[in-house]
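For reference, positions follow the sequence shown, starting with 1. The structure presented is a predicted model; accordingly, all values stated were derived computationally and were not measured.
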Amino acid sequence: MIVEARDSEYLSECVVRIDGALRTTPLAVGEGRESDTVRCLFDGPLTVFYEVDRSAAAAKVTAVLLTR
């Protein structure tokens, strides 16, 4: 899927929201998947899969999908 230029601002806004949420509260956002630490977050046309390192309170993004 090709994202048209008019969508780039919207996608940037989604990325900024996702980044902020994963930096501050990675376990409070998204949905649990395979385990306590594997999660999935949806924002606009983006789906982000990430793992949470509880000891560091940090998220590691493992995949990003454009879903629309």
Open item on the list: Quick check: is Val16 connected to Ile18 through a chain of hydrophobic side chains (ILVMFWY, heavy atoms under 4.5 Å apart)?
Closed with: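 Cluster IDs for Ile18 and Val16 differ.
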
Task: Verify same cluster id: Phe42, Leu65 (apolar side-chain graph, 4.5 Å) - done: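 In one cluster with Phe42: Leu65, no.
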
So, do [X] and [Y] sit near enough that their side-chain heavy atoms are less than 4.5 Å apart?
X: Leu11; Y: Leu66; answer: yes
X: Tyr10; Y: Pro45; answer: yes
X: Leu27; Y: Arg54; answer: yes
X: Thr67; Y: Leu46; answer: no

TODO: Measure across Pro26 and Ala59 and return the closest heavy-atom pair with its distance rounded to 0.1 Å.
DONE: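 Looking at all heavy atoms of both residues, the closest pair is CB-CB, 3.9 Å.
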
Open item on the list: Please give me the minimum heavy-atom distance between Phe49 and Cys40, naming the atom from each residue.
Closed with: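 That closest heavy-atom pairing would be CE2-SG, 3.6 Å.
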
Task: Sidechain-backbone polar pair: Tyr50 side chain, Leu41 backbone, donor-acceptor under 3.5 Å - done: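 Side chain of Tyr50 to backbone of Leu41: no pair is present.
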
- [ ] Would you check if the side chain of Arg39 reaches a backbone N or O of Gly30 as a donor-acceptor pair within less than 3.5 Å?
- [x]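 Side chain of Arg39 to backbone of Gly30: a pair is present.
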
